[in-house]
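Following: one structure in structure tokens, then a few remarks.
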Amino acid sequence: MVLKIVRTVWSVILTYVAIGAPCGMIMGQTGMEPWMVFALSSTFVTGSGQFMICNLWLAGVPAPSIIASVAAISSRFALYSASIVPHLKNASKRQTLAVAATLTEEAYGISLAKLIEGEDWGPLESFVLNVILIATWGVSCTMGAIVGAVVDVPTAIAAFVCTSLFICLLFSQRLSRGNVVAAVSGAVSVAVCKFLGLVNIAVPASVVVGIIIALACDAVFDGRGARDAR
């Protein structure tokens, strides 16, 4: 079973290594020891959140703002867990909790696809997949922290890995009115906050503003379309 899962997700494992190493370098530059990097990476399952914690910490952003920013971008995992649970048929509550509590984004996508397609895939396979990916991420970050302590890698270069990841995710999204409005309004809100000197709340404010404006825009245009149809 483990070999079958590894053959299924080998490309994701390679991606985790490529992204986890720079993340570990940045975590090491914040003063974390390799064992601390492994402990955090193995229990905090959002890689983008780890990048954000390190970059905001190095920038001198207060802890409450960091917590709010990371909580905002990590709230999607509640939706992931809620959407995959109905597909875990014949699973006990303990098995369901184990799968839902250890999800990563990639593991969620793979497990959900397997469960919907009706393949030979159940809660045990989903949990083992989660463990494999979390272990890969933790080891990759730890190796990055060890290498970063020996080789001086500029923070800007390592940090851009996360930025480039989000750029790729942005362009891979369906080009819709809501997505465009959310991206533009989020970018504008960051610029306005920094212009006004509100650097500490720029990131969480941009997330909230982008979501609210996009939802409002979709509601207005969808309502107008329904009225026109009538």
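Please read these numbers as outputs of a predicted model, since none were measured by experiment.
- Note that CG of L40 and CE of M27 are 4.0 Å apart. Values are rounded to the nearest 0.5 Å.
- Residues T142 and V37 approach most closely at N-CG1, 3.9 Å, considering heavy atoms.
- For the atom pair CD1 (I26) and CD1 (I53), the distance works out to 12.0 Å, reported to the nearest 0.5 Å.
- A 4.5 Å side-chain heavy-atom check between V128 and M1 finds at least one atom pair inside the cut-off.
- Checking side-chain atoms of S41 against main-chain N and O of F38 turns up no donor-acceptor pair under 3.5 Å.
- Contact of the V131 side chain with the T102 side chain is not registered, since no non-hydrogen atoms from C-beta on lie closer than 4.5 Å.
- Atom OG of residue S140 and atom CG of residue L14 lie 9.5 Å apart, to the nearest 0.5 angstrom.
- Contact record, A91 with T96: CB-OG1, 3.8 Å, taken as the closest heavy-atom pair.
- Closest approach of S111 and I84 over heavy atoms only: CB-CD1, 3.8 Å.
- Between R7 and L3 there is a side-chain heavy-atom pair separated by less than 4.5 Å.
- L196 and V188 fall within the same hydrophobic cluster, defined by Ile, Leu, Val, Met, Phe, Trp and Tyr side-chain heavy atoms under 4.5 Å apart, directly or through other members.
- Using modelled atom types, one finds no donor on one side chain facing an acceptor on the other under 3.5 Å when comparing S81 with Y108.
- One side chain, S126 or W121, offers a donor N or O that lies under 3.5 Å from an acceptor on the other.
- F127 is not connected to L97 by any chain of hydrophobic side-chain contacts under 4.5 Å among Ile, Leu, Val, Met, Phe, Trp and Tyr, and they are in different clusters.
- Closest non-hydrogen pair, S185 versus I213, comes out as CB-CD1, 3.7 Å.
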Exercise. Apply side-chain contact (heavy atoms from CB on, under 4.5 Å) to E106 and V9, showing your working.
Key: CA-CA 9 Å; E106 293 75 16; V9 300; over 6 Å; no

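- Under the 4.5 Å side-chain contact rule for hydrophobic residues, V208 and V181 do not share a cluster.
- Once rounded to the nearest 0.5 Å, the distance linking NZ of K4 with CG of L129 reads 10.5 Å.
- Looking at W137 and Q50, their side chains do bring a donor and an acceptor atom within 3.5 Å of each other.
- V139 and M32 fall into different hydrophobic clusters, defined by Ile, Leu, Val, Met, Phe, Trp and Tyr side-chain heavy atoms under 4.5 Å apart, directly or through other members.
- Taken together through direct or relayed side-chain contacts under 4.5 Å among Ile, Leu, Val, Met, Phe, Trp and Tyr, L124 and V6 form part of one hydrophobic cluster.
- In this structure, Y16 and T104 approach most closely via the heavy-atom pair OH-OG1, 3.2 Å.
- Using a 4.5 Å heavy-atom threshold, the side chains of I132 and I13 count as touching.
- Note: I110 CD1 to L133 CG = 6.0 Å, rounded to the nearest 0.5 Å.
- By the 4.5 Å heavy-atom criterion applied to side chains, L88 and Q95 are not counted as neighbours.
- When all heavy atoms of S74 and F44 are compared, the pair lying nearest together is OG-CZ, 4.5 Å.
- Using a 4.5 Å heavy-atom cutoff, the side chains of M143 and V17 are not in contact.
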